[in-house]
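Please read these numbers as outputs of a predicted model, since none were measured by experiment. Just so we're on the same page: letters track the sequence lines, and every chain starts at 1.
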Protein chains: 2
Amino acid sequence: MLKLSRLTDYAAVVMAQIARHSQASHAAADLAEAVQLPHPTVSKTLKMLARAGLLVSQRGAQGGYRLARPASQITAADIIAAIEGPVAMTECSQAEGDCELVATCGVADNWQRVSLAMRTLLESVTLAHLADTAPIKLPVQLPIQTISLSAATA
Amino acid sequence: MLKLSRLTDYAAVVMAQIARHSQASHAAADLAEAVQLPHPTVSKTLKMLARAGLLVSQRGAQGGYRLARPASQITAADIIAAIEGPVAMTECSQAEGDCELVATCGVADNWQRVSLAMRTLLESVTLAHLADTAPIKLPVQLPIQTISLSAATA
DNA sequence: TCAATTGAGTACCATTTTAGTCCTGTATAA
DNA sequence: TTATACAGGACTAAAATGGTACTCAATTGA
């Protein structure tokens, strides 16, 4: 379904939770309680986010996690990449030359372009947007016209 | 990695192959040969595409598969949906009310908007685009500006 | 009417991915 | 120095995915 994995979903929720109180340090246990998810799973998610450089961790008493940079500078693509790896629609859009079907495939190039457009879209959504309880406005009818796909659009 | 499943990838390749010779009927075995993939897998993919109404099948000698409608009227979203189900980023963007974490989640609405934008993007890419050996031009820098995400864009 | 062709359907197995748990180690602050 | 809290890794269970095999049904044409 081209879905995010559950862990990625958790990551977004947890990040949003932290972003809403970005001054404080958040212990894994507190976050787990706040979002009603199992401790170990939240903990694992936090570790992945920290390793990806989106969070900084502080050990010891009064320690916890904080955003590594302002919420407006963390994108949805960052969060997804932290958990699932780089956003790419097909095998061959990640690393080129691995697919032995290139000759008969014939759609690789175009998939990569679509993939790129999706990545760009996800990069345009920031954590600040996600954490905002007021819904972001997405003029969803737009892309059809604005993202020109015809070869004529040189 | 927000990746397509391998079967979906196959589906796109096979559809493109059919689209390039849309007059003829294509036997599963021929297609498998053309795209260098195992027969049974291609066969399975074709059946899913046919059930989704993207292909029509003809049994018996000289039978095979043909496009149910012109390639320009079949979208990437159609193909993905045929194999993986509807494009949706999170559990709750498919059917509402199933997630018992709504209260603590706080990002559901915004994810749904992002999801919708992605679906729109995929709907704007047609099989005709994919099958075209000439790469489609995607002005990938555009969306950041054009797809306004700020709440100010009422 | 019969045989060859070709898709339909189903059941099944192997593999991989995903999710979740647990345990031990280490850094920090009070 | 002790309680707190993250780090890391090993491990298990469950689910999704991918692939195979086999049988049935429909169509064509000799």
Side-chain angles (χ1 to χ4, degrees), chain A residues 1-14 18 24-68 80 82-85 88 90-91 94 101, chain B residues 1-14 18 24-68 80 82-85 88 90-91 94 101:
Chain A
M1 317 189 187
L2 205 69
K3 249 194 327 209
L4 298 177
S5 80
R6 220 183 302 180
L7 277 189
T8 309
D9 212 349
Y10 296 169
V13 174
V14 168
I18 297 177
S25 250
H26 299 264
D30 294 347
L31 287 170
E33 170 67 20
V35 299
Q36 287 291 301
L37 290 172
H39 288 212
T41 301
V42 169
S43 192
K44 190 179 187 177
T45 308
L46 288 167
K47 271 183 282 188
M48 295 171 97
L49 291 166
R51 206 174 320 166
L54 304 184
L55 294 175
V56 289
S57 64
Q58 173 76 10
R59 291 187 180 187
Q62 307 304 315
Y65 290 94
R66 275 175 299 108
L67 296 184
I80 294 172
I83 309 293
E84 316 200 6
T90 55
E91 288 295 341
Q94 317 185 66
L101 297 174
Chain B
M1 318 187 186
L2 205 70
K3 247 191 330 205
L4 298 176
S5 81
R6 219 183 302 181
L7 276 188
T8 310
D9 212 349
Y10 295 170
V13 174
V14 168
I18 297 177
S25 251
H26 299 265
D30 294 347
L31 287 169
E33 170 68 20
V35 299
Q36 287 292 299
L37 291 172
H39 288 213
T41 301
V42 169
S43 191
K44 192 178 186 177
T45 307
L46 289 166
K47 268 182 284 187
M48 295 171 97
L49 291 166
R51 206 173 319 166
L54 304 184
L55 294 176
V56 289
S57 64
Q58 174 75 11
R59 291 189 180 186
Q62 306 305 313
Y65 290 92
R66 274 174 300 110
L67 296 184
I80 294 171
I83 309 293
E84 316 199 6
T90 55
E91 289 293 343
Q94 316 184 66
L101 297 174

Correct closest heavy-atom pair for Leu55(A) and Leu67(A) would be CD2-CD2, 3.7 Å

ask   = Looking for any heavy atom pair under 4.0 Å, which part of the strands does His39(A) touch: base, sugar-phosphate only, or nothing?
value = nothing

Practice problem: Give a yes/no on whether any side-chain N or O of Gln62(A) is located under 4.0 angstrom from OP1 or OP2 of dA3(D). | Solution: no

Residues at least two apart in sequence or cross-chain that pass side-chain hydrogen bond (donor to acceptor under 3.5 Å, both in side chains) with Thr8(A), listed by chain then number, are Ser5(A), Glu84(A)

Show me the protein contacts with nucleotides 10-15 of chain D, counting only N or O atoms at under 3.5 Å.
none

Rounded to whole Å, CG of Leu55(B) lies from P of dT6(C) at a distance of 17 Å

Side chain to side chain contact (heavy atoms under 4.5 Å, CB included) filter on Ala34(B), not counting sequence neighbours, yields Gln17(B)

Which donor-acceptor pairs under 3.5 Å do side chains of residues 39-46 of chain B form with protein atoms, sequence neighbours excluded?
| from | atom 1 | to | atom 2 | distance (Å) |
| --- | --- | --- | --- | --- |
| Thr45(B) | OG1 | Thr41(B) | O | 2.8 |

From CG of Leu4(B) across to P of dT17(C) the rounded distance in Å is 16 Å

B/S/- along nucleotides 21-26 of chain D (protein heavy atoms under 4.0 Å) is ----BB

Glu33(A) atom CD is separated from dA5(D) atom C1', nearest whole Å, by 17 Å

If each end axis of the helix from dT1(C)-dA30(D) to dA30(C)-dT1(D) is fitted on five C1' pair positions, the angle between them, to 10 degrees, is 20°

Side-chain atoms of residues 24-33 of chain A: list all donor-acceptor pairs with protein atoms under 3.5 Å, sequence neighbours left out, distances to 0.1 Å.
| from | atom 1 | to | atom 2 | distance (Å) |
| --- | --- | --- | --- | --- |
| Ser25(A) | OG | Arg66(A) | NE | 3.4 |
| His26(A) | NE2 | His21(A) | O | 2.9 |

Ala61(A) meets the side chain to side chain contact (heavy atoms under 4.5 Å, CB included) criterion, sequence neighbours left out, with none

On DNA chain C, more 5' by nearest nucleotide between Ser57(B) and Thr41(A) is Ser57(B)

In whole angstroms, the gap separating P of dT18(C) from OH of Tyr10(A) amounts to 14 Å

Here the distance between atom P of dG7(C) and atom OH of Tyr65(B), to the nearest Å, is 6 Å

- Under 4.0 Å between any heavy atoms, over every strand shown, what does Leu7(A) touch: base, sugar-phosphate, or nothing? Just pick one. sugar-phosphate

Between CE of Met48(B) and P of dG19(D) the distance, given in whole Å, is 12 Å

*Compare side-chain N and O positions of Ser43(A) against OP1 and OP2 of dC6(D) and report whether any pair is under 4.0 Å apart.*
no

From CD1 of Ile80(A) across to P of dT18(C) the rounded distance in Å is 14 Å

task = Please determine if a side-chain N or O atom of Ser5(B) lies less than 4.0 Å away from the OP1 or OP2 oxygen of dG18(D).
result = yes

>> Just to be sure I understand the rule, does Ala28(A) reach a base, reach only the sugar-phosphate, or reach nothing, if contact means heavy atoms closer than 4.0 Å?
In response: sugar-phosphate

Rounded to whole Å, the CG-C1' distance (Leu46(A) to dG8(D)) equals 15 Å

